[in-house]
Structures are given as C-alpha cells and as structure tokens.
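The block underneath contains the structure these notes are about, expressed in structure tokens.
Starting from 1, each residue takes its place in the sequence as its number. Remember, it's 1-based here, ligands and their atoms both numbered in the order they're listed. Values below: all heavy atoms of this structure, side chains included; hydrogens, waters and symmetry mates excluded.
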Amino acid sequence: METMPTYIDLVLPLPVNQNFTYHIPDKYIGKVQVGSRVVVPFGNRKFYTGLIKNIHHNQPEYETKPIEILLDEEPVVNPSMFKLWEWIAGYYLSSEGEVMKAALPSALKLESQTNIMPDTEWEQTEKLSPTEETVLQFIVDQQKCSIQQINSLTKKANAYPYIQSLLKKGAVIIEEKITERYRPKTITHVKVNSRLANETQMQAAFDQLKKSDKQTELLMLLLNQLHYYSNKPLESVSKKELMNKAGCTEAVLKSLEKKDFIETVELTTDRLQNIEASKKNNPLNQYQEKALNEIYAHFENKNVVLLNGVTASGKTEIYLRLAQEQLKAGKQVLYLLPEIALTSQIIERLTNILGSTAGVYHSKFSDAERVEIWNKVAAFLPGTNNQYQLILGARSALFLPFSNLGLIIVDEEHESSFKQFDPAPRYNARDCAVVLAGLHNAKVLMGTATPSFESYLNASSGKYGLVNLSKRHNNVLLPEIVVADLSDAHKRKLMKSHFTPLLFTEMEMALAANEQIILFQNRRGFSPFIQCRSCGYIPKCMHCDVSLTYHKYFNNLQCHYCGYTTQLPGSCSQCGSADVQTKGFGTEKVEDELKIFFPGVKIGRLDFDASRTKQGFQKVIGEFTEGKTRILVGTQMVTKGLDFENVSLVGILNADNLMNYPDFRSYEKAYQLMAQVSGRAGRKSKQGKVIIQTSQPNHPVIKHVIAHNYDIFFNQFISERKLFRYPPWYRLIYLTIKHKNKERAQAAAGQLAKQLRTQLGERVMGPEFHLISRLQQYYQLMIRIKLEKNISPPKAKTTIINAIETIKAFENNSSVIVSIDVDPY
Ligand code: ADP
Ligand code: ZN
Ligand code: ZN
C-alpha cells in the first residue's frame, strides 16, 4: 500500500519568495487537497491562512509544525489559478503570497482576530497608569474583546502599548480565536414535504385538514404559489412572501410543518437580483459584420486580436456577439474594463441582452458579495444554465476561479488603470489576461480607438491579429478638430478668461442649438497653486515635495498626493504680504467661470472630487445623460468610453501640459487623451466638433490628432522609442528607494545602483530623485533598469532581489524601503 503523503507546502500571505512546509496531523490525513485553505501557526502568536500548493512526503530538514485547521473540503484555488499566480510572481518580481493577497477576497483570507481576556488569577502588585486602568476595566467588563474594540475605546489607532504592558504585568491574557467571517446570507423557503409525493397522499392530507380552514387555506395557497399542478412547478417559495399573502399567523405554518405536510429550508441567496434578458441584439452594420468575420479568421491561428476601432464605431456590439457565441458553446467569458465606476452604461447594455448570465465583479462591492460571486464562478458547470458565466470586471476579476474560459475581452486596452500601482504585485491586467487565456486555451480580444504602443507593435509585427474598424455606426463622421492658438489670443488680448474666442463662440452656438458640451481640463481643484506676489513663495505640502492645490469650495489648500489639507492663509507665510494670487486653473475654476459667462445654464463637474462616492459619479453622469446639465467639465474621467447622444462640442482647454509632461510616454498619452475626449463628440447622428486650445498649434501630436491618423503618429514615434531604448522595444523595471532621512535614502540608493551594476552594467540608470522627491514624509529615489526583450524579468529576478537583500543587510539600511515595478506604466 502506498504511504499517505504527510507534508504540505503552503503559500502564505507574506512578501517572501518561498513556500512554507507544515505537516498534516492524523485527523486530516487523506482529507487535504491542493488548493484548499488551512490555518497555521506562524512565529509565536500569529496565525495565517495559507493555501496548499503541494502535498508530499519529503521531510524537510527542520522540524515542522502541524496545520491547525483545514478550512475547505473542496479546493478554492484550481491549478490554472496557481499557474497564473506563479507567472505574476515571476514576471512582476513579487512573492506568491503577495499575489494571493491580491487575488482572494478578504473574507476568504480569514483573519486571526486577537481577543484579549482578563486573567482571573492576577494579583495586583504594581500601580497602573490611568489609561491602563481604563483599558483593563473595559476588558474586565467585556470579559473578552478584540484589539479593534480596545482601539475604539482609547480612540487611538493602536492600543497595543497598553495591552502589551497589561500582558507583561499579567493582568490580561490573549485568546487566539480564528473566525471565518464570510457566511452566505440565507432566506427561509417553504416547500411541500416529500411525503406528499402523489395525488392520493395529497388528497389524504387535505382530508386530514378538514377541521382546520386556516391550514387548508395555507396549503392551497402554497400549492398555488408553487404552480404545483403545472408542468413546471417551483421547488420552493420564500416564506416571507408566502406569509405576506396568507394573512395568517406563523402558528398555522408550524402546524402544517408538524404534520409533515410542508417543510422549511434555508437557501443561500444571491444578493444580486436575477434579471431576465429583455432585449434582442442590434443587427450589426456592414463594417461591424466584416470586422467580426476578420476576428474569427485571425482566431484560427492567433490567440490575441487587436480591434482598432474608432470611437463610436460600435465595438461593444462586436464584443457582445463574440461573448454570446462562447456562452452558447458552454464557455466562460471575462470582460475586463479599466474602471468599473464608468460601466453602468455597459452593465445595462449587457444585462438587457444576457440577463443574469452576466455578472459584475469589482472592489466597490462588499466583501460578502465578492465571495458570493467568487463561489458562483467556482460552481460553473458546462452545459447547465449558469449564472455569471460572463463576468464584467475591473482588473481584479482576473483572479476569479474560472475553470473553462473561452474568451477574454479587454476593452480600452490602452488604459493605464489596468495597471496596479500599489501594493505589489504591480501587475497589468491586460498583459496577465493574455497569460490567463493561454492557460485555458482561450482567445483574447483587445479593443480600443487608440492602441497602446505595445499592442500596436505586437499587431503590426503579426504577433497579434489586427482588425480595423474605421467607420462610426450610422456613418456618422468623426468630429472635425480645430486648433485655437492660445498664445495668439493672449497676445491680442482676446481671451475670455480661459476661453479663446473660437471656443467661446462655438459654445454659444451649441447652447443656442440645445446641444451639449464637454470641456476637458486635466487638473482638478480651483488653481494648481497660489503664489505670493511680493516674494514669489508657493505653499507646499508638509509631507511631500509638491505645491498645494487651491480648492475654492472648501476654501483650503490640498495635497493631491497625500490628502494633507490646510486653511487658505490670509497672508504669505514667508514675508507676510497679503498679496497672494491664484495661479493656473482647474476644473473647479472652469465651473465657476462658466456660471458667470452662461448664467442659467446647468453645469456638471466630473473629477476625482465629484466621484469619490459611486453615487456622486452616477449622479453627474445621469444628469448629463438626461440633459439636465448642459455642460460637463471634467478631468481624464470624461475621456473614458462614455456614450452620450447629444454632445456636439468638445473643448480641450489646454493641450500644452499634456504634451510637456516629462515622461517617455507623454506623446502617446497625449494623443490617446485628445482622441478619446474628441470621440465623445457627435456619436449618434450629426458630426461633432472639437476645439483644442494650445500654444503649440504646429506640434506633430496635435497634427496627427486632427487628421485622425493614429497609424502615421505611431510610425513617427515608435522609431524614437527604439533609438532611446524605451518600451515597447525594451523592458523597464523601476526600483523606488524610500526613507524618511534624506541622506539614508540617497546612500542606500547609491549602494543599490552600484550593486546592480556589477551584474547588469549599463542597463542600470540612476539613482536620481523621483519627480516628487518627497512623498508622505519619505524621500524617494529611483533606479531605472532597461532590459533587452530577450531577458525576461524572471531571469533578472534573482539578480535584483539579491542586490536588494545585500544592501538591506548593510548597516543602517534595514528600515530602507525598496519597491519594484516591472513595466511601470
Ligand atoms: P465604441 O465602443 O466603439 O466607442 P459603442 O459600442 O459605444 O462604440 O457604440 C456607439 C453607439 O452606437 C452606441 O450608442 C451604440 O448603441 C450604437 N451602435 C453601435 N452599433 C450599433 C448597431 N449595430 N445597431 C444599433 N446601434 C449601434
Ligand atoms: Zn511672500
Ligand atoms: Zn502631501
């Protein structure tokens, strides 16, 4: 007989590049499975949830601890998910534990909630401080409470020191209690007892009930609600609904239950409603039809296809067709979107056609909801009528437990919100999607009107299939784009505040014609900074090396990087002069000025301030869709895939700061932003108009945007990228070195660069201070590594990780923070 494996290797949620080995106690032998979760002790007092990665019988050299609890009888992570995690950890130079943290909803991660209890044996020998007294009294009163509860009592972020000293003095003890937080919500249903299996038995039951009208009535009502005598009766009905209709007391129901005529069952509910499909597909136009056929043709021999379709060409309709075909074939579909806040329009379109076959997954859902969706995806069975066979989600939807993916759609593939910036793993969901699809033999369709240089290079080199869709639906023409020369208008003193005469006139005309307007300004707040006129001083953030932004509504100054706010000073803090001036302009100021220029016209504002709550965002979009607001002023957010019917004019208030941003990708981003925001104009019927205000009217980026010619734009700048060894020809890895002490940060960064150069030579650049040299009190320096494409990040991983570990071991460096970002964009 084969001996049972007795050791397991675990992934633990830690930033270290290794698995941890434990042994299986007798009671769990034969029960553990790869992909199930366990709770294990770690260190002295800690417990973690870990995932079983391997089961084996190779005894390690050290003494192993046993697992404490086996949480799952069935695996929650399947083999292809582990493979995706491994790839992500390898490529993005992070640990599998960090990937696990990003992948699992926190309810599945299970917390070790530390409870504190009074020690009844304790004899007081020393005096306690007043706070210690208060904390102890609280613990005695509660008999048992969590550190969290104590924190809220002391109103301090951390009551640890007091608990610590009480522990030391022996007044309290720790109880390690592990609670599984997620419980699916259940509701009580009522059904006919299986004892009443045929008509004779049912008749007998009614005979027996003759004396009780109420019970007879209730049983009849139940049969009625169940459509009991139809050919498709329901299993059960909700008890609450039944009793609402019945108008009798619970006692009646109880009596029927006692007689074994009916029974009640607890069903886990879907918090999200079941929606019936209510609409049919739109017929595709000839160009969409052609594009769809080309996509199919490419899929014959390519795994990824890039659909380069101009704005409002109807890419969504094509996604839908492809998705529906997969659903019919019994496959799962993942539909990734850059930002889920922007998707209520798409959700509506999808659920109208697909009903509850489609589901949404994103971080704004509560954790319990996320676990429910997780479980539904895990429960997928081909060939049955599945809920959530298609998932519409932001980047984290990548980690759902798919078992049979057929297609991944990546909409707006160029968007930088597919990238996770913090914490590690700093992954790009678009790129992970290609790997995930590979694991399932699935296809990937990327769609955009403004491809990233990465994807377009892949497509033009033949690695991806390329399909162009250059006609808008209904043959609506792409908007006419006109440049308004800012410096000329300034010189001739023709500016109306921030509006050139051209833009202003066009706005008047659009309003007169009852059309809507979108204005784009890539800065929120009122003014990017304020400045003293007499000494030139500009107030900066206390914690970051950035100037503070003036917000008029709050009458304060805010740091857009750390959230620090301070009252607007009445006078200059350096020289005392009262002559302090606002400089530049943000969305809030534009909104203010519009109110003066166009009194009576309702204006909406869409930016980070307005979108902090999902409702706020939905409200602004809703009011604009309904035509309640006539002008929408916004930041980047107005560029993103929104579909409004009545917008005839788009104004880009200042294109200069888009193009002058110091980054190798600034032209690519500037083109994308301008083309996307322009794409909001004239989508449904009449051709729209776009005015770009700039002081560089002859700038090549502007010229290409006007000509709607992405291809020529790409060809002009892709060669520069090669020349200067930038992506997509080379791969970038950024290392950020942080410390509160400036000298320490600089020294460590210098040491790290030197260490790296011994292996990587000239590929290493820097260190130099980050564009924001100080952020949230930490000085930051950057080291940039440019790697040839044939050196994959996993190959460089050991070198880089070793270099970091080496310098961290140097004297005084242990508190230096180093973070790694592969493909930092
Ligand atoms: P894109 O995603 O390419 O920017 P959309 O899919 O949002 O474009 O389509 C733009 C508009 O045209 C939408 O309002 C959509 O409903 C409409 N539309 C696109 N294709 C069709 C079609 N075949 N039939 C009817 N309406 C369509
Ligand atoms: Zn001053
Ligand atoms: Zn700050």
Side-chain angles (χ1 to χ4, degrees), residues 279-292 307-322 335 337-338 342-343 345-346 348-350 352-353 409-415 445-450 467-476 478-479 530-549 557-566 569-581 625 639-647 675-685 688 772-778 780:
K279 285 200 181 140
K280 291 250 173 306
N281 285 81
N282 288 319
L284 296 183
N285 65 43
Q286 64 183 105
Y287 309 104
Q288 289 170 325
E289 197 73 57
K290 183 163 168 281
L292 183 62
L307 172 61
N308 176 26
V310 297
T311 52
S313 54
K315 295 183 285 295
T316 317
E317 300 289 335
I318 295 179
Y319 303 156
L320 255 172
R321 294 305 171 105
L322 288 164
Y335 187 145
L337 284 158
L342 303 158
T343 54
Q345 288 189 336
I346 297 211
E348 219 183 295
R349 275 165 83 177
L350 271 179
N352 276 342
I353 291 185
I409 296 160
V410 185
D411 192 18
E412 312 288 359
E413 65 82 25
H414 65 278
E415 276 281 345
L445 181 76
M446 299 181 180
T448 174
T450 52
V467 173
N468 291 304
L469 182 60
S470 49
K471 287 273 194 299
R472 282 185 153 183
H473 182 62
N474 273 343
N475 283 316
V476 176
L478 283 167
I530 63 168
Q531 187 167 31
C532 170
R533 289 248 276 207
S534 94
C535 79
Y537 175 73
I538 299 170
K540 286 195 164 183
C541 176
M542 275 174 68
H543 314 294
C544 314
D545 182 28
V546 292
S547 54
L548 294 166
T549 302
L557 296 174
Q558 300 181 8
C559 172
H560 284 184
Y561 288 87
C562 74
Y564 168 80
T565 62
T566 176
S571 57
C572 172
S573 67
Q574 296 305 102
C575 75
S577 158
D579 195 3
V580 178
Q581 202 183 24
T625 310
T639 65
K640 293 183 180 170
L642 295 166
D643 188 31
F644 303 112
E645 284 190 29
N646 194 31
V647 175
Q676 289 288 349
V677 69
S678 302
R680 302 313 114 204
R683 288 171 72 85
K684 271 277 168 88
S685 40
I772 297 155
S773 61
R774 185 163 162 259
L775 183 70
Q776 296 180 345
Q777 307 193 4
Y778 282 85
Q780 347 184 62

Revision key, fill the gap. Which of E413, K315, M446 passes side-chain contact (heavy atoms from CB on, under 4.5 Å) with L307? Answer is K315
Practice item. State the CG-OG distance between D579 and S571, to the nearest 0.5 angstrom. Key: 11.5 Å
**Study point:** Spatial distance of atom OH (Y287) from atom CG (L469) [nearest 0.5 Å]
**Key:** 10.0 Å
Exercise for review: For R349 and ligand 1, answer yes if some heavy atom of the residue is under 4.0 Å from a ligand atom, otherwise no.
Suggested key: yes
Exercise for review: Please verify whether a non-hydrogen atom of A312 lies at under 4.0 Å from ligand 1.
Suggested key: yes
Check [X] against ligand 1 and report side chain, backbone, both or neither, counting heavy atoms closer than 4.0 Å.
{"X": "A449", "result": "neither"}
{"X": "Q288", "result": "side chain"}
{"X": "H473", "result": "side chain"}

Check your understanding: Are Q776 and H543 linked by a side-chain donor-acceptor pair shorter than 3.5 Å?
Key -> no
Go through ligand 1 atom by atom and flag the ones less than 4.0 Å from a non-hydrogen atom of [X].
{"X": "T316", "value": "2 (O), 5 (P), 6 (O), 7 (O)"}
{"X": "L284", "value": "23 (N)"}
{"X": "P283", "value": "22 (C), 23 (N), 24 (N)"}
{"X": "E317", "value": "19 (C), 20 (N), 21 (C)"}

Practice item. Provide the closest heavy-atom pair for E412 versus P338 in the form atom of the first, atom of the second, distance. Key: CB-CG, 3.9 Å
Practice item. Report, rounded to 10°, the angle at the Zn ion (ligand 2) between the two atoms SG (C532) and SG (C575). Key: 100°
Exercise for review: State plainly whether the residues E289 and R321 are in salt-bridge range, i.e. N to O under 4.0 Å.
Suggested key: no
Check your understanding: Where the closest heavy atom to atom 5 (P) of ligand 1 is concerned, which of G447, G679, G314 has it?
Key -> G314
**Study point:** Residues, nucleotides or ligands: over 12 heavy atoms within 6.0 Å of Q777 CD
**Key:** yes
Exercise for review: Answer yes or no: does atom OH of Y319 have more than 12 heavy-atom neighbours from other residues, nucleotides or ligands under 6.0 Å?
Suggested key: yes
**Study point:** Under 2.8 Å: N/O/S of C541 next to the Zn ion (ligand 3)
**Key:** yes
